[in-house]
**Student:** 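Before I ask anything, let me first share the structure, which is written out below as structure tokens.
Remember, it's a predicted structure, so these values are computed and weren't measured experimentally. These values consider heavy atoms only, across backbone and side chains, with no hydrogens, waters or symmetry-generated copies. Letters A, B, ... mirror the listed sequences (proteins, then strands); counts begin at 1.
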2 protein chains.
Amino acid sequence: MGNNVRIITISREFGSGGRSVAKMVAEKLEIGYYDKELVKQVASETGFDQAYVEQAGEYAPEKSSFTCAFSSNATLGALNGMSVDDFLWVIQRKIILQLAEKGPAVIVGRCADYILKERGDCFNVFIHASMAARADRIVHLYGETDKRPEKRLEEKDKKRKLYYRHYTNQEWGMSQNYNLSLDSSFIGVEKCAEIITVLAK
Amino acid sequence: MGNNVRIITISREFGSGGRSVAKMVAEKLEIGYYDKELVKQVASETGFDQAYVEQAGEYAPEKSSFTCAFSSNATLGALNGMSVDDFLWVIQRKIILQLAEKGPAVIVGRCADYILKERGDCFNVFIHASMAARADRIVHLYGETDKRPEKRLEEKDKKRKLYYRHYTNQEWGMSQNYNLSLDSSFIGVEKCAEIITVLAK
């Protein structure tokens, strides 16, 4: 890829279609794509459930205090005094660093933009969308719940923001953390993928 | 222009080349371009000096408290009890709203993204760049001073951020406030202009 790019990180708002964009980019460029695969590897290495890793690896816990609930649990010897959240962060970070070594790839979410920032061969992208478009999308994809979709999105955003700030000391969604930020509801999911692909080539 | 776009607002970090990008876009699309022209109009309507309008219309004052220094000065009857900063904001806002009515245009900075947000025909862009690239650029354009260029940039950023937050209650540079955010040091100034033009068409 051009511009010395080997790794494309795609961070995204929940419901923005960022994952679809990421998949399209990886297909167009015929490079690796790490999303669920990354979750699987982290689950396997930590022994945690995949669903748990998916949730806790990007979102602040309910009480958003990153507590040390399990840290004295003898059955989790690997924790070594760390909180479960910190343990998950350490393993997730290690696996992201390893995946980036393997070859050109698209990596979705999980603070990969921050974790890989020293490499100098990353193209960091953020995908967001209007609240209305995201609400439509999650209702279409995941169905209705008792909670209004806007409320569900606000909660997700808040937890992802807290998680990102806690581990990176940066603001999630600040333009300056990315080389490119796209509003998929304005630009369109396919067009987003096209722009990223052209810039990465 | 497509996507129902009539107005392109271009917000930019100082030294990012955002103004050059804006100019190129306006030329490519053959539409109005408001930057110095906007400053001139505000200066003419307020009676303030152009250099003052340029500074005070985008940057928080030295003490960053938006004080009412002149508000009791009888010679500035138009202030009507407002602070000079607020008066400038009101006039600047009015002129931006008027310019947007005139016809398709590119408007640079001055919270135009926020001021025009109700219109629904704006394409809001943010241009930023790495600190190193911006430092190079301002030294090349404006020469060296006693202060390190990084220091000068940090001060400018801080004041623009404060100004934006004060009048919009939003965070300056948050991806979500724009349809597109571009790192001109990664993408290149000309390529930035090209992407914006293609998306606006």
**Student:** Top residue by heavy-atom pair count (under 4.5 Å) with chain B, among A/Glu13, A/Met174, A/Lys191?
**Tutor:**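 Of A/Glu13, A/Met174, A/Lys191, A/Met174 has the most heavy-atom pairs under 4.5 Å with chain B.
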**Student:** What I'd like to find out is whether the side chain of B/Asp183 reaches to under 4.5 Å of the side chain of A/Phe123, using heavy atoms alone.
**Tutor:**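 No, their side chains stay 4.5 Å or more apart.
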**Student:** I'd like to know which of B/Ser181, B/Ser184, B/Gly173 tops the heavy-atom pair count under 4.5 Å against chain A.
**Tutor:**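 Max contact count across the listed options: B/Ser181.
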**Student:** Looking only at non-hydrogen atoms, find the nearest pair between A/Ser175 and B/Tyr178 and report the distance.
**Tutor:**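 That would be OG-CD1, 4.4 Å.
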**Student:** Is there a side-chain contact between B/Ile187 and A/Leu180 in this structure, where contact means two heavy atoms from C-beta onward sitting under 4.5 Å apart?
**Tutor:**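 Answer yes - side chains close enough.
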**Student:** Would you indicate whether A/Glu144, at its atom CD, is surrounded by more than 12 heavy atoms from other residues, nucleotides or ligands within a distance under 6.0 Å?
**Tutor:**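 For A/Glu144, atom CD is not crowded (no more than 12 foreign heavy atoms under 6.0 Å).
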**Student:** How long is the straight-line distance from CG of B/Asn124 back to CZ of A/Phe186, given to the nearest 0.5 Å?
**Tutor:**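 Atom-to-atom, A/Phe186:CZ and B/Asn124:CG are 8.0 Å apart.
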**Student:** Let's go through B/Glu194 and A/Val198 carefully: what are the C-alpha distance in whole Å and the side-chain angles of both, what is the deciding distance for side chain to side chain contact (heavy atoms under 4.5 Å, CB included) to 0.1 Å, and is it a yes or a no?
**Tutor:** CA-CA 12 Å; B/Glu194 200 184 307; A/Val198 168; over 6 Å; no
**Student:** Less than 4.5 Å apart, any side-chain heavy atom of B/Leu182 and any of A/Asn179?
**Tutor:**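 No - every pair of side-chain heavy atoms lies 4.5 Å or more apart.
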**Student:** When you look at CD of B/Gln50, are more than 12 heavy atoms from neighbouring residues, nucleotides or ligands closer to it than 6.0 Å?
**Tutor:**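 Yes, because the 6.0 Å sphere around CD of B/Gln50 holds more than 12 heavy atoms from other groups.
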**Student:** Going by the salt bridge (charged side-chain N to carboxylate O under 4.0 Å, His left out) test, which pairs reach into residues 20-32 of chain A, not counting sequence neighbours?
**Tutor:**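 Checked against salt bridge (charged side-chain N to carboxylate O under 4.0 Å, His left out) - neighbours excluded - no pair reaches residues 20-32 of chain A.
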**Student:** Is any side-chain heavy atom of A/Gln176 closer than 4.5 Å to one of B/Phe126?
**Tutor:**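 Sidechains of A/Gln176 and B/Phe126: in contact.
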**Student:** Check this for me: A/Glu150, atom CD, are more than 12 non-hydrogen atoms of other residues, nucleotides or ligands nearer than 6.0 Å?
**Tutor:**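 Yes, because the 6.0 Å sphere around CD of A/Glu150 holds more than 12 heavy atoms from other groups.
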